[in-house]
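Report on the following structure.
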2 protein chains.
Amino acid sequence: MARHKEFDEQQALDQAVETFWSGTYASTSTQDLCESTGLSRSSLYNAFSCKADLYQRSLRRYGELKDAERTAYLEHPGTGREALEALLGHVLETQGGSEDRRGCMVINAAVEIGGDDDEVASLTRASLDGFRGVVAQLIARGQDDGSIATTAPAAELATVVHAALNGLQVGARVATDPAAAGRGLQTLMSLL
Amino acid sequence: MARHKEFDEQQALDQAVETFWSGTYASTSTQDLCESTGLSRSSLYNAFSCKADLYQRSLRRYGELKDAERTAYLEHPGTGREALEALLGHVLETQGGSEDRRGCMVINAAVEIGGDDDEVASLTRASLDGFRGVVAQLIARGQDDGSIATTAPAAELATVVHAALNGLQVGARVATDPAAAGRGLQTLMSLL
DNA sequence: ACGTTTTTGTACCGAACAGTTCAGAAAGAG
DNA sequence: CTCTTTCTGAACTGTTCGGTACAAAAACGT
């Protein structure tokens, strides 16, 4: 006795992710979101309560997508070192590359929102910790198979590797040489 | 035959730095800038042409201040390793610490503005490169005095160290444990 | 003291913003 | 066909924004 929804909410959310990711929370207007999702104003506000809520859901969705991408590398063949290098290279190519300078949406959120919004802070923290955890697992695997030195515990090495990767991504946003991040990665791997 | 300026433009600029640094470009209103500098709207726009210009000058001023802070560490006594550790520790304490979570204004600018504004991108690039250069010099000194391994050229190591430092600062913006960055620094130093 | 020049406070402008309202269109069930 | 319910487009609201206009006030040189 009722009409169906005519749009796919998940699909709209994915478009919102793209839109927020390409800019900042502040620079993304609700108008932009309407255009990218193809929804009218009322539909957008009917499906998602407000801009802040949509952003939060977008950030969570982004985290889920990226988390799936990362954890897939736990199954990557070869040594732990090889798997780790593949993962880090993939991240730099897709997020720090020359094609789009969007960087990582979680890092962008951490810098833009920071601790101003508890929910966003918690989401970004969880996402960063998740990534660090995957890096730690790969390093531990590398230490087991002998491809990575055991000079320091895997968890501590992971903190540094993860931080370096994030730092390289930030630098890539304004860098002139798109290959610089890749060279940084090579040096980073040589330290392990 | 004319009236003097009643306020110190440099002092006002320094206050603007503080204000922009504490937030984002978008979240800082001209009203905020008036209040923090103590200037009225007309005086502000008379001294600085527009918000974007004031931001640019603030960013440049911030870069100069931080550059002076950093280069002072080139005179730091002890080995290159000790000087480097002192510099990195100082940065984490003042910018990634628990007191204020403002992080580094240049990193914030790189993430928020990114490549959208050529002038800002150029400024941030110069500032990041400057920091990286100081790190490279300290590492080279450490390699000379034997306190840092020569497994890789100083310039390449500096890229990684600098990136890791920046990554730690980003993480500190949302971290719950304020000491985590410090531990990351210890591990980073142990890799050199 | 006076005229000149700059500073400064206030009021104002148009634009863009997030969010709401509401009438009508569309689609199901009987 | 018709009633009901949901969805959708468009117009609207109140606020905040960056920036401007202008007149009064303040301080200098003479």
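In the text below, chain A, chain B and the rest are named by the order of the sequence lines, each starting its count at 1.
In this structure, the salt bridge (charged side-chain N to carboxylate O under 4.0 Å, His left out) partners of A:Arg183, at least two apart in sequence or on a different chain, are A:Asp177. Checked against salt bridge (charged side-chain N to carboxylate O under 4.0 Å, His left out), A:Asp14 has the following partners two or more places apart in sequence or in another chain: A:Arg61. In this structure B:Asp118 satisfies the salt bridge (charged side-chain N to carboxylate O under 4.0 Å, His left out) test with no other residue, sequence neighbours excluded. Scanning for salt bridge (charged side-chain N to carboxylate O under 4.0 Å, His left out) contacts around A:Lys66 gives A:Glu69, with sequence neighbours left out.
Residue pairs meeting the salt bridge (Lys or Arg N to Asp or Glu O under 4.0 Å) criterion with at least one partner in residues 166-176 of chain B, sequence neighbours excluded, are absent. The salt bridge (Lys or Arg N to Asp or Glu O under 4.0 Å) analysis of residues 40-56 of chain A, with sequence neighbours excluded, yields no pairs. Identified under the salt bridge (Lys or Arg N to Asp or Glu O under 4.0 Å) test for residues 126-143 of chain B, with sequence neighbours left out: B:Asp129-B:Arg132. The list of salt bridge (Lys or Arg N to Asp or Glu O under 4.0 Å) pairs with a residue in residues 15-25 of chain B, not counting sequence neighbours, reads B:Glu18-B:Arg102.
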If you look only at distance, which donor and acceptor atoms sit under 3.5 Å apart when one is on a side chain in residues 158-165 of chain B and the other is two or more places apart or in another chain?
residue: B:Thr159; atom: OG1; partner: B:Ala155; partner atom: O; Å: 3.2
residue: B:His162; atom: NE2; partner: B:Asn166; partner atom: ND2; Å: 3.4

Taking only nitrogen or oxygen atoms into account, show me every contact under 3.5 Å that the protein makes with nucleotides 12-15 of chain C, one pair per line with its distance.
none

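Here B:Ser40 reaches the OP1 or OP2 of C:dG9: one of its side-chain N or O atoms lies under 4.0 Å away.
Set against D:dG19, D:dG9, C:dG19, the side chain of A:Lys51 has C:dG19 as its closest nucleotide.
Because its NZ or CZ atom is both nearer than 6.0 Å to the ring centre of A:Phe131 and within 45° of the ring axis, A:Arg70 counts as a cation-pi partner of that residue.
Residues from residues 12-22 of chain B with heavy atoms under 4.0 angstrom of DNA chain C: there are none. Less than 4.0 Å separates DNA chain D from at least one heavy atom of each of the following residues of residues 24-36 of chain B: B:Thr28, B:Ser29, B:Thr30.
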